[in-house]
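Hydrogens, waters and symmetry mates play no part in the numbers below; they use all other heavy atoms, side chains included. We count residues from 1, following the sequence as given.
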Amino acid sequence: MLMALALSALPAGCSPDGKPQASSPPAPPLRPPTPHAHLKEVKGDVKLKRASGDEWLAAREGLPLFENDKVSTAGGASARIVFTHGGSVNLAEDALIGIAETRPRPGQGRTDVTVLKGKVDATLEAPATQTLSVSTPSATIQAGREIVFQ
């Protein structure tokens with residue numbers, strides 16, 4: 001039994017008829033992700049878990065928060081999360097929240113958080129042009145004014 005294997009001997013970048021092919025343009029560079037919020041007023045044992053990581057890191061003031069990051073406060077700890085679209089969420093002790101995916105609408109600043117544990121106090125600076133959606137394991141609440149979730 002005889003088997004033949006044909007390999008192409010075309011120079012790189014040439015078509016089957018031997019003519020040079022135009023190279024495709026390089027892909028545009030990826031934009032770095034935009035922070036959804038920043039940590040402020042970090043007091044006590046506050047931890048941060050990045051969406052892209054498995055470890056809980058010590059949180060510090062000014063750290064940017066991105067989609068699907070989580071923030072946890074221990075007993076006696078607290079933190080404030082200030083969102084880029086305005087508004088903020090204050091985390092009390094023993095809380096765990098996630099920065100949820102946000103689907104903005106034109107002309108409306110929107111913030112989405114998931115409260116997995118504990119108490120948060122949410123405030124919007126301009127309720128006429130901002131929306132805050134807080135999800136829990138059993139409910140979702142949307143607000144356009146100051147509201148306390150427990």
Side-chain angles (χ1 to χ4, degrees), residues 7-8 10-15 19-150:
L7 297 175
S8 175
L10 294 173
C14 289
S15 65
K19 295 181 182 175
Q21 289 180 322
S23 62
S24 58
L30 293 176
R31 288 188 348 210
T34 304
H36 286 266
H38 287 84
L39 276 171
K40 303 288 183 188
E41 301 173 22
V42 175
K43 296 176 184 152
D45 186 15
V46 179
K47 302 283 186 191
L48 166 67
K49 182 179 178 212
R50 295 288 184 197
S52 59
D54 292 329
E55 295 181 32
W56 286 93
L57 310 168
R60 65 181 189 278
E61 188 153 337
L63 280 178
L65 299 174
F66 301 94
E67 189 174 280
N68 297 318
D69 284 352
K70 290 183 175 57
V71 178
S72 172
T73 55
S78 64
R80 183 172 187 211
I81 297 173
V82 178
F83 293 92
T84 56
H85 293 296
S88 62
V89 172
N90 293 315
L91 283 95
E93 65 179 338
D94 294 319
L96 172 61
I97 72 160
I99 307 300
E101 295 179 31
T102 299
R103 297 195 181 11
R105 293 188 304 206
Q108 185 116 35
R110 181 170 169 164
T111 301
D112 296 332
V113 296
T114 301
V115 178
L116 301 164
K117 175 184 165 190
K119 177 181 174 181
V120 299
D121 180 7
T123 305
L124 292 174
E125 294 172 1
T129 59
Q130 297 171 323
T131 302
L132 174 68
S133 173
V134 176
S135 298
T136 69
S138 58
T140 297
I141 302 161
Q142 287 189 313
R145 57 184 167 78
E146 184 174 349
I147 200 161
V148 175
F149 300 96
Q150 291 186 319

Note: A59 and L39 closest approach over all heavy atoms is CB-CD1, 3.6 Å
Please test I81 against I97 for side chain to side chain contact (heavy atoms under 4.5 Å, CB included), starting from the C-alpha separation and ending with a verdict.
CA-CA 10 Å; I81 297 173; I97 72 160; 3.4 Å; yes
Residue list, salt bridge (charged side-chain N to carboxylate O under 4.0 Å, His left out) with E61, at least two apart or on another chain
none
Results of side-chain contact (heavy atoms from CB on, under 4.5 Å) for A92 - residues two or more places apart only
K119
Residues that K70 engages under side-chain contact (heavy atoms from CB on, under 4.5 Å), provided they are two or more places apart
K49, W56, L96, L116
Calculate, to the nearest 0.5 Å, the distance between atoms CD and NZ belonging to E93 and K43 respectively.
13.0 Å
For K47, which residues count as a salt bridge (charged side-chain N to carboxylate O under 4.0 Å, His left out) partner, sequence neighbours excluded?
D45
Separation between CG (N90) and CD (E41), nearest 0.5 Å, reads 6.5 Å
Heavy-atom closest contact (A77 atom, V46 atom, distance):
CB-CG2, 4.1 Å
Please give me the minimum heavy-atom distance between L91 and V71, naming the atom from each residue.
CD2-O, 4.1 Å
Could you pull out the closest heavy-atom pair between F83 and A37, with the gap in Å?
CD2-CB, 3.6 Å
P35: which residues meet the side-chain contact (heavy atoms from CB on, under 4.5 Å) condition with it, sequence neighbours left out?
H38, P64, F66
Interatomic distance, CZ@R50 vs CG@D69, rounded to 0.5 Å, equals 4.5 Å
Mind checking what makes side-chain contact (heavy atoms from CB on, under 4.5 Å) contact with D94, not counting sequence neighbours?
K117
For the pair T73 (side chain) and S78 (backbone), establish whether a donor and an acceptor sit closer than 3.5 Å, ignoring hydrogens and angles.
no
The test is side chain to side chain contact (heavy atoms under 4.5 Å, CB included); show your working for V120 and V113 and say whether it passes.
CA-CA 10 Å; V120 299; V113 296; 5.8 Å; no
